[in-house]
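Have a look at the structure below before the remarks.
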Amino acid sequence: MWDFKLLSATHSIERTMPFVVYRLLSYLAISLAFLIAILAGTGSAVGIESLSKNPFALANLGAVAGFSLCGWIVWKLRKTLHYAITGGHLALLAELSAGKPLPEGTAQIEHAKQVLSRKIRSPASLFDLDRCIAGVLFSITENRAVRALTAMQPALLRRGLSKLAGQVGSYTGREVLGVAL
């Protein structure tokens, strides 16, 4: 019944470790961008209010403004970021599961970009595919048969499935596929 091999999955991730480090550094750079934006917003607010009696009165507002601006920029770039960070790793894992050899070291990152550009032309198409998959997964958890099966399972499983369904997204399979499930 358990058709998942943990050692094989760990070995696959280990074989693509240069890209895992690239993903980690990319997410770290995004986090640092948020931190710098918060500090810049706070510093700007303190600088503007430095002539008043209480220069730190609007520091929190500046931090919120910096965070919001950086969040808006990341939101606008989310399709490109998803394409560059997640899509490349998925392309490498697909090549690895097909039995094709992968280059070693940092050449793996360029190889992933080339494979991804051959398979999926634009960041928007990968993002839309990801949303479709999320919608199908959500519709599966919404299905009556699945609900009937989970009613027979312990409460822990029900909570886990409902939590997963809430995290997957707001799309339903009917909206994504355009058919009644």
Side-chain angles (χ1 to χ4, degrees), residues 9-10 13-14 16-93 105-117 120-142 155-176:
T10 306
I13 297 298
E14 182 185 358
T16 60
M17 191 54 73
F19 208 88
V20 171
V21 171
Y22 172 73
R23 285 181 78 167
L24 180 68
L25 290 176
S26 299
Y27 292 132
L28 181 65
I30 293 169
S31 300
L32 286 175
F34 272 104
L35 181 64
I36 290 169
I38 290 170
L39 292 174
T42 303
S44 298
V46 168
I48 291 170
E49 288 289 313
S50 66
L51 300 175
S52 69
K53 289 183 180 181
N54 187 4
F56 297 105
L58 296 178
N60 291 338
L61 185 63
V64 169
F67 181 83
S68 300
L69 179 65
C70 188
W72 180 78
I73 291 170
V74 169
W75 176 257
K76 287 297 184 182
L77 296 174
R78 72 188 186 281
K79 292 180 183 180
T80 307
L81 292 172
H82 183 71
Y83 181 80
I85 298 171
T86 307
H89 198 202
L90 290 175
L92 280 179
L93 290 173
T106 56
Q108 207 174 74
I109 297 168
E110 277 303 315
H111 178 70
K113 290 177 183 177
Q114 291 171 358
V115 169
L116 187 62
S117 66
I120 298 176
R121 298 285 179 205
S122 70
S125 61
L126 178 66
F127 192 75
D128 292 340
L129 176 66
D130 191 44
R131 295 295 296 251
C132 282
I133 291 170
V136 169
L137 289 175
F138 185 76
S139 71
I140 288 171
T141 59
E142 198 177 61
L156 182 62
L157 179 61
R158 283 197 305 271
R159 282 195 302 259
L161 279 176
S162 65
K163 192 176 195 182
L164 176 68
Q167 289 174 352
V168 166
S170 61
Y171 272 117
T172 63
R174 289 180 213 91
E175 293 171 353
V176 172

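Among all heavy-atom pairs drawn from Lys79 and Ala124, the shortest one is CD-CA, 4.1 Å. Taking all atoms of both residues into account, the shortest heavy-atom contact from Gly62 to Ala45 is CA-CB, 3.8 Å. Closest of all the heavy-atom pairs between Ala37 and Cys70 is CB-CB, 3.6 Å. Closest non-hydrogen pair, Ala59 versus Thr42, comes out as O-OG1, 3.7 Å. Heavy atoms only, all atoms of each residue included: Val115 and Ala91 are closest at CG1-CB, 3.8 Å. Here the closest non-hydrogen pair linking Ser50 and Pro55 is CA-CB, 3.8 Å.
The backbone N or O of Asp128 lies less than 3.5 Å from no partner atom in the side chain of Arg131, so there is not a single donor-acceptor pair.
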With side chain to side chain contact (heavy atoms under 4.5 Å, CB included) as the criterion, how do Ile48 and Leu58 come out once you've worked through the C-alpha distance, each side chain's angles and the decisive distance to 0.1 Å?
CA-CA 9 Å; Ile48 291 170; Leu58 296 178; over 6 Å; no

Is there a side chain to side chain contact (heavy atoms under 4.5 Å, CB included) between Thr86 and Asp130? Walk through the geometry before answering.
CA-CA 10 Å; Thr86 307; Asp130 191 44; over 6 Å; no

Hey, mind stepping through Ile85 and His89 against side chain to side chain contact (heavy atoms under 4.5 Å, CB included) and telling me if it holds?
CA-CA 7 Å; Ile85 298 171; His89 198 202; over 6 Å; no

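Here the NE2 atom belonging to His111 is positioned 13.5 Å from the NZ atom belonging to Lys113, to the nearest 0.5 angstrom. The distance from the CG atom of Leu116 to the CG atom of Leu126 is 6.5 Å, given to the nearest 0.5 Å. Atom CZ of Phe19 sits about 12.5 Å away from atom CG of Leu24, to the nearest 0.5 Å. To the nearest 0.5 Å, the span separating CG on Leu69 from CD1 on Ile38 amounts to 11.5 Å. Taken to the nearest 0.5 Å, the OG1 atom of Thr16 stands 11.0 Å off from the CD1 atom of Ile109. Summarising the geometry, atom CD1 belonging to Ile13 is positioned 5.0 Å from atom CG belonging to Leu93; distances are rounded to the nearest 0.5 Å.
Around CZ of Phe34, the count of heavy atoms belonging to other residues, nucleotides or ligands within 6.0 Å exceeds 12.
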